[in-house]
Amino acid sequence: MAVVEIEHLTRRYRGITALDDISLSVREHTITGLLGRNGAGKTTLMRILAGHEFRTSGRVSVFGEDPTENERVLRRMSVVREGQIYPDIKFKRVLEAGSWFHPHWDADFAAQLVDDFQLPLNRPVKKFSRGMMSAVGIVLGLASRAELTVFDEPYLGLDAVARQTFYDRLLADYAEHPRTVVLSTHLIDEVGDLLEDVLVIDHGRLVLAGSADDLRERAVTVSGPTAAVADVVGRRKVLHRQDLGGRSKVMVLGPFDREDRNRSRAADLVIEPVSLQQLVVRASGTGAEGGAGTGVAGDETKAVPA
Ligand SMILES: Nc1ncnc2c1ncn2[C@@H]1O[C@H](COP(=O)(O)OP(=O)(O)OP(=O)(O)O)[C@@H](O)[C@H]1O
């Protein structure tokens, strides 16, 4: 079942198309990564999901309803964003407010997270450091146990140890209390193992969508003599290529079955896996064949139905 369904969503500001005819869905009880370069449109998309932003056209449905100014939907969501401003009150009051807003709030879990991130309960949040502010968002997002939790770049200023704590707590709690999580981030390699589904947007367009495992398995680089590489690659989607002196290295979306692999080996080609980070970089329009307009998000790559 899909918790979020978006059809032909467009958001234009004066002269800027932040989201350009996006259709996607987010499956219930998954951790979905929303990935893309700076200015790709991730925050705009999340703000529209959270009902904080209007759309220019298209349809957005969260739990089967339009989220705009919809209290019923918004009560089932927790939204954590970078640079959130908090009122000038002590941190323990912020936690209390969290418990009023979120019906599934777990005070014991919140206390454990406060301890993990070593946050001072009696200090006003406005006096927190940047990393501590981010930890506040993470505590609120996790302890709310909302049916849909949206984390938009939640860890500005958080050190590597604190980020790992976030990933560990999220995974452990998610295993015990399944819910739907959408996480927008630039730290793709760090969160790679956390993500079940991946959505990549670039210049406001969806360029890649699917299950992380499927995409990892399907994306490979093939290297060797140019003619032999071309033969094996055939009509598959090419995300990036380098040609030098009669040899080529091509990043391509599979599938590559056993027969393809045997054929490649016989032709002295090298087939290597591609990391999620490399895949996202190449799909995000860094030039050549990658990016919007490649049709990479076409039907054959879509494990997440639009
Ligand atoms: N209120 C606004 N008015 C005008 N343009 C805007 C507004 N909000 C966003 N944009 C533009 O829309 C585009 C997408 O911005 P958005 O913040 O959604 O990107 P992002 O993917 O979240 O980027 P980042 O990773 O850098 O946070 C950018 O070109 C941005 O300048």
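One-based numbering, in listed order, for ligands and for the atoms of each. Sequential numbering from 1 along the given sequence is applied to the chain's residues.
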Would you call [X]-[Y] a salt bridge at under 4.0 Å N-O?
X: D152; Y: K42; result: no
X: R145; Y: D173; result: yes
X: E147; Y: R179; result: no
X: R55; Y: D66; result: yes
X: D260; Y: R236; result: yes
X: D116; Y: R169; result: yes
X: E153; Y: R81; result: no
X: D214; Y: R218; result: yes

Identify the protein heavy atom lying closest to [atom], giving its residue, its atom name and the separation to 0.1 Å.
atom: atom 25 (O) of ligand 1; answer: K42 NZ, 2.7 Å
atom: atom 16 (P) of ligand 1; answer: T44 OG1, 3.6 Å
atom: atom 27 (O) of ligand 1; answer: T43 OG1, 4.0 Å
atom: atom 10 (N) of ligand 1; answer: Y13 CE1, 3.5 Å
atom: atom 29 (O) of ligand 1; answer: I16 CG2, 3.9 Å
atom: atom 12 (O) of ligand 1; answer: A18 CB, 3.3 Å

Quick one: does [X] get within less than 4.0 Å of ligand 1, heavy atoms only?
X: E82; value: no
X: G36; value: no
X: R47; value: no

List ligand 1 atoms under 4.0 Å from [X], heavy atoms only on the residue side.
X: A40; result: 19 (O), 20 (P), 21 (O)
X: N38; result: 23 (O), 24 (P), 25 (O), 26 (O)
X: H186; result: 25 (O)

Option with minimal heavy-atom separation from atom 14 (C) of ligand 1, where the choices are G15, S184, G39
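When every heavy atom of G15, S184, G39 is considered, G39 comes closest to atom 14 (C) of ligand 1.
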For residues 124-144, which residue pairs qualify under salt bridge (charged side-chain N to carboxylate O under 4.0 Å, His left out), counting only residues two or more places apart or in two chains?
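Sorted pair list comes back empty.
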Could you tell me whether some N/O pair between L45 and ligand 1 is separated by less than 3.5 angstrom?
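Such a contact does not occur with ligand 1.
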